[in-house]
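Structure first, then comments.
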Amino acid sequence: MMKGTVTAVLAGVALLSACGGSQQETAETTDAVAELVALFNDHWERSLELNPLSATSIGDYRYNDRLANTVSAEYRDARHTLDETALQRLLEIDREALEYQDQLSYDMFRILREQSLEGEQFPSHLQPMNQFYLFPNTFVRLGSGSAQHPFATVKDYEDFLSRADDFAAWVDQAIENMKEGAAQGIVQPRVLMQKVVPQLESQIVDSAEDSGFWMPVENMPAEFSDADRERLAAAYREAIENTIIPAFRRLNNFIGDEHLAATRESYGLLDLPNGDDWYAYMVKVRTTTDLTPEEIHQIGLDEVARIHEEMRGVMDEVGFEGTLEEFFEYMNTDDQFFYDEPDQLIQGYRDMSDHVGGLARKLFDIEPKTDFEVRRVEPFREQSASGGSYQSGTMDGSRPGIFYANAYNIKARPKWAMESLYLHEAIPGHHFQIALQQEADYLPMFRRFARFTAYSEGWGLYAETLGKEIGVYTDPYQYFGALNAELWRSIRLVVDTGIHAMGWTRQEVLDYMYANSAVAEARAVSEAERFMAIPGQALAYKIGQLKISEIRSKAEERLGDNFDVIAFHREILKDGPMPLSMLEAKLDRWVDSQL
């Protein structure tokens, strides 16, 4: 599993020998790297065993017969022990004896373990679900055959039946946790949990055949024997009707009959016990910076004002006479900017693939081997889902990445938003970056799957800013769409901090959105409630993009005519995600090597 790291070890030893390092220095470096490799191997393997669904998602199917009960005390204890032991082992390794790349790995591994341990003081397990991150929805996609769990062999089918039992255990534990959370005053906003109920209700059906979990039975491979087909169909009927649907019913009844009354009328972390520290922790983790909520709030206000001025330039270009607010209204209501049917929107994104992929070669000399496909967000979750999202494929490319586009309320999904969203989610954004990361077999496995949100989402937004360089945004309305998307990420800085650090209400958030952007009500509501559900995540986009753009500007200034944007992008991407300060130091080092 650690082929990339072992290769790096051997290469490092060869390099030391070629450079004439002393035998003692070589031995010390070899020992330190060997210890690091062993640590990374051990932690990775135990992490996969502890998190079977993570293993499935990367194409490692050894644990496909189980789901982790991630909200249980036993799971939290096991994760704590794993992180604490790994951190102790890491600190016993001589960092100074390592080569540069291994020092990067050392530092990232340390940050991840320390953040995990620090986060244990905040009881997220007592509010284990919301309308945006709802594990039962993940289980639906898993069991319908549209997500990571494969349904190609008899064993695959049997594995999922085992997972169904684990899901029922997760549901019962989540219910117990929410009861404890209510007793301690640690509950979700009521407006969020009200949106959970219809998502759960959609899975409570009368028979197995009416359930999405029956789809693998309908799509059973033709090569299965008649005996296996009959046995598995009966087993799935039993599991769906007597385990899965009852679990959804128990959870739905608990939330509707009991828990909603215990949820809160307020909206931000500020209103929970230790909420200030909880939000500060989330800001630090999501942005990988030391910026305070107040500083981020002001950055957002400044960016909103700047982007409004650029939008006025688009208004002049298209000859629109009126105020910016009137232009927003025009962009949100004129029929020319909207499709009539959801399928037209999805096909529009599919049509972009070859065109944008070819144009991207102007700025990139690397591209992933893994393919991707565009899918519509499933109806059972589309009302609460974001406008677009990306689900990564497997590292061997056997399962493609997926760009999920939301077609709910088609008149809230303007055509002018499409190019920037495609650049963000697909090429050269998330699919491009994440697939390249996963395919980088010279990196330790934990780095091939690390998620530093400010880097990843910052890259996605930076990818949007490349539109004119790549050769899209030739239509001024599409460029307006790019500006509106960037504006939206700036607004997020204002409203996320507003909700969680300054006590803003849901209506204050919506009012700010309507006054400052071209956003339809359906999207404004889903986005506002998303910020409530996942504090701090919305900050990562703009903070990350600003830092990447700053790093590029600094490199352009220092290198002048020798600046090569293709080489710059290769350097940004080749080592995978990392904290922004580490990324800046790495690129400074790269620029130094070019001088």
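Numbers here simply count residues along the sequence, with the first being 1.
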Trace of the salt bridge (charged side-chain N to carboxylate O under 4.0 Å, His left out) decision for Glu120 with Arg79: CA-CA 10 Å; Glu120 291 176 358; Arg79 186 184 62 191; 5.0 Å; no
Rounded to the nearest 0.5 Å, how far does [atom2] of [Y] lie from [atom1] of [X]?
{"X": "Leu573", "Y": "Ile434", "atom1": "CG", "atom2": "CD1", "answer": "11.0 Å"}
{"X": "Ile58", "Y": "Leu53", "atom1": "CD1", "atom2": "CG", "answer": "11.0 Å"}
{"X": "Met108", "Y": "Leu443", "atom1": "CE", "atom2": "CG", "answer": "8.0 Å"}

Are any non-hydrogen side-chain atoms of [X] and [Y] less than 4.5 angstrom apart?
{"X": "Phe403", "Y": "His430", "answer": "no"}
{"X": "Glu550", "Y": "Glu584", "answer": "yes"}
{"X": "Val494", "Y": "Asn516", "answer": "no"}
{"X": "Met282", "Y": "His500", "answer": "no"}
{"X": "Lys415", "Y": "Tyr477", "answer": "no"}
{"X": "Phe132", "Y": "Met532", "answer": "no"}
{"X": "Leu539", "Y": "Thr497", "answer": "yes"}
{"X": "Val472", "Y": "Gln478", "answer": "no"}

For residues [X] and [Y], report the shortest heavy-atom separation together with the two atoms involved.
{"X": "Leu510", "Y": "Ala528", "answer": "CD2-CB, 3.9 Å"}
{"X": "Phe446", "Y": "Ser105", "answer": "CZ-O, 3.4 Å"}
{"X": "Tyr514", "Y": "Ala524", "answer": "CE2-CB, 3.6 Å"}

Parallel, tilted or perpendicular, as decided by the 30° and 60° cut-offs, for the rings of Phe122 and Trp278: parallel
Check this for me: does any side-chain nitrogen of one of [X] and [Y] sit under 4.0 Å from a carboxylate oxygen of the other?
{"X": "Arg286", "Y": "Glu457", "result": "no"}
{"X": "Glu303", "Y": "Arg306", "result": "yes"}
{"X": "Arg489", "Y": "Glu486", "result": "no"}

With a 6.0 Å cut-off on ring centres, are [X] and [Y] close enough?
{"X": "Phe480", "Y": "Phe327", "value": "yes"}
{"X": "Trp44", "Y": "Phe449", "value": "yes"}
{"X": "Phe109", "Y": "His43", "value": "yes"}
{"X": "Phe248", "Y": "Phe167", "value": "yes"}
{"X": "Tyr330", "Y": "Phe337", "value": "yes"}
{"X": "Trp459", "Y": "Tyr462", "value": "yes"}

Intermediate values then yes/no, side chain to side chain donor-acceptor pair (under 3.5 Å), Gln437 and Gln433: CA-CA 6 Å; Gln437 174 192 1; Gln433 179 260 305; 3.2 Å; yes
Gln507 atom CD, neighbour heavy-atom count above 12 within 6.0 Å: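 Count over threshold, so yes.
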Cation-aromatic face contact Lys468/Tyr479, 6.0 Å, 45 degrees: yes
Face-on cation placement of Arg250 at Phe254 ring, 6.0 Å and 45° thresholds: no
Just by distance, do the side chain of [X] and the backbone of [Y] share a donor-acceptor pair under 3.5 Å?
{"X": "Tyr279", "Y": "Gly536", "result": "no"}
{"X": "Asn177", "Y": "Val71", "result": "yes"}
{"X": "Ser116", "Y": "Arg113", "result": "no"}
{"X": "Arg264", "Y": "Gly268", "result": "yes"}

